[in-house]
Enquirer: 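Below is the structure I would like to discuss, written out as structure tokens.
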Amino acid sequence: MAEAYLDTSVLIKLYVAETFSTEVEHFVGEASGIVISRLSTLEWHCAMARRARTGQITQDYLNLARTEFTRHLAEGYFRIVPYDDPLLSDALRVLDSANPVPLRTLDAIHLTAVRNADVTRIATADDVMRRAALQLQLEVAYFGE
């Protein structure tokens, strides 16, 4: 199976047992490579910290997950799309192309990262992202409810 881009809603499922985590692990295991954006790393840390603040995970679990995520980044487990000015400029075209789906700023950036990485598959648990990706003629693996 070809490379796949994971948005943060799916990336989290690799580190926290949530609905569809097992299916995400299977999906990742079948992909020839996993692509994320530089933005995903910040979003991952924010989402994990929020889970710790709200009691969904413990501080010890957060520390272990951070260590594992950092190791995965260092070992090249993910191909990372850079977050730069050209990416932001391209996001305007993605925003127009996804119309009429009401894209949020960060969703437009993620979808632009997919296109800039020459990836045609995206995994998401976000319905707006799913609809926009379909509008952009991407193959979507949806892990939402």
Enquirer: If we only count heavy atoms from C-beta on, is the Phe78 to Thr41 side-chain gap below 4.5 Å?
Expert: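 No, side chains not in contact.
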
Enquirer: Heavy atoms only: give me the nearest Lys13-Ser21 pair and the separation to one decimal.
Expert: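 Here Lys13 and Ser21 meet closest at O-OG, 3.0 Å.
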
Enquirer: I need the minimum non-hydrogen distance between Trp44 and Thr8, along with the two atoms involved.
Expert: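 Here Trp44 and Thr8 meet closest at N-CG2, 3.7 Å.
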
Enquirer: Side-chain donor-acceptor pairs under 3.5 Å in residues 92-103, sequence neighbours left out?
Expert:
unit_1	atom_1	unit_2	atom_2	d
Arg93	NH2	Asp90	OD1	2.2
Ser97	OG	Arg93	O	2.9

Enquirer: Give me the atom names and distance for the closest heavy-atom approach of Ala52 to Leu62.
Expert: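 Heavy-atom minimum between the residues: CB-CD2, 3.8 Å.
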
Enquirer: Identify the two heavy atoms, one from Arg121 and one from Ala2, that lie closest to each other, and give their separation to 0.1 Å.
Expert: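 In this case the closest contact between Arg121 and Ala2 is NH1-O, 2.7 Å.
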
Enquirer: Can you name the nearest heavy-atom pair linking Ala141 to Phe27, along with the distance?
Expert: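 Looking at all heavy atoms of both residues, the shortest contact is CB-CE1, 3.5 Å.
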
Enquirer: Would you call Leu11 and Val24 a side-chain contact if the rule is heavy atoms closer than 4.5 Å?
Expert: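 Side chain of Leu11 against side chain of Val24, heavy atoms only: no contact under 4.5 Å found.
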
Enquirer: Checking the side chain of Thr70 only, and the main-chain atoms of Thr67 only, is there a donor and an acceptor separated by less than 3.5 Å?
Expert: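 No; zero donor-acceptor contacts below 3.5 Å.
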
Enquirer: Measure the shortest side-chain to side-chain distance between Ile57 and Met48 over non-hydrogen atoms and say whether it is less than 4.5 angstrom.
Expert: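 Yes, close enough: below the 4.5 Å cut-off.
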
Enquirer: In a table with atom names and distances, give each donor-acceptor pair under 3.5 Å that connects a side chain of residues 123-133 to protein atoms at least two apart or in another chain.
Expert:
unit_1	atom_1	unit_2	atom_2	d
Thr124	OG1	Asp7	OD2	2.5
Thr124	OG1	Asp126	N	3.0
Asp126	OD1	Arg104	NH2	3.1
Asp126	OD1	Val128	N	2.8
Asp126	OD1	Met129	N	2.8
Asp126	OD2	Arg104	NH2	2.5
Asp127	OD1	Arg130	NE	2.8
Asp127	OD1	Arg130	NH2	2.7
Asp127	OD2	Arg131	NE	3.3

Enquirer: Can you tell me which residue among His72, Arg66, Glu68 is in a side-chain hydrogen bond (donor to acceptor under 3.5 Å, both in side chains) with Tyr15?
Expert: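 Testing each of His72, Arg66, Glu68 against Tyr15, the sole residue satisfying side-chain hydrogen bond (donor to acceptor under 3.5 Å, both in side chains) is His72.
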
Enquirer: Is a side-chain donor-acceptor pair under 3.5 Å present for Ser37 with Ser40?
Expert: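 Present: a donor and an acceptor within the cut-off.
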
Enquirer: Between Arg51 and Glu18, does any side-chain N to carboxylate O distance fall below 4.0 Å?
Expert: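 Yes.
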
Enquirer: In Å and rounded to the nearest 0.5 Å, what is the CG to OG1 distance from Leu136 to Thr120?
Expert: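 Interatomic distance, Leu136 CG to Thr120 OG1, rounded to 0.5 Å: 12.5 Å.
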
Enquirer: Describe, in one word, how the ring planes of Phe69 and His45 are oriented to each other, choosing from parallel (under 30°), tilted (30 to 60°) and perpendicular (over 60°).
Expert: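 Correct class here is perpendicular.
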
Enquirer: Does Gln137 have more than 12 heavy atoms from other residues, nucleotides or ligands lying within 6.0 Å of its CD?
Expert: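 Counting other residues, nucleotides and ligands, CD of Gln137 stays at 12 neighbours or fewer.
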
Enquirer: Sub-3.5 Å donor-acceptor pair from the side chain of Ser32 to the main-chain atoms of Glu3, do we have one?
Expert: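 Judged by distance alone, yes, a pair lies under 3.5 Å.
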
Enquirer: May I ask you to check whether Phe20 and His26 place their ring centers less than 6.0 Å from one another?
Expert: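 No, they do not, as the ring centres are separated by 6.0 Å or more.
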
Enquirer: Does any non-hydrogen side-chain atom of Leu6 lie less than 4.5 Å from one of Leu14?
Expert: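 Result yes, sub-4.5 Å side-chain heavy-atom pair found.
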
Enquirer: Just how far is it from atom CG of Leu138 to atom OH of Tyr5, taken to the nearest 0.5 Å?
Expert: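 Separation between the atoms: 11.5 Å.
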
Enquirer: With side chains defined as the heavy atoms from C-beta onward, is the minimum distance between Tyr142 and Ile122 less than 4.5 Å?
Expert: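 The answer is no; the side chains never approach within 4.5 Å.
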
Enquirer: For residues Thr19 and Phe143, determine if any side-chain heavy atom of one lies less than 4.5 Å from a side-chain heavy atom of the other.
Expert: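 Heavy-atom side-chain distance check fails, nothing below 4.5 Å.
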
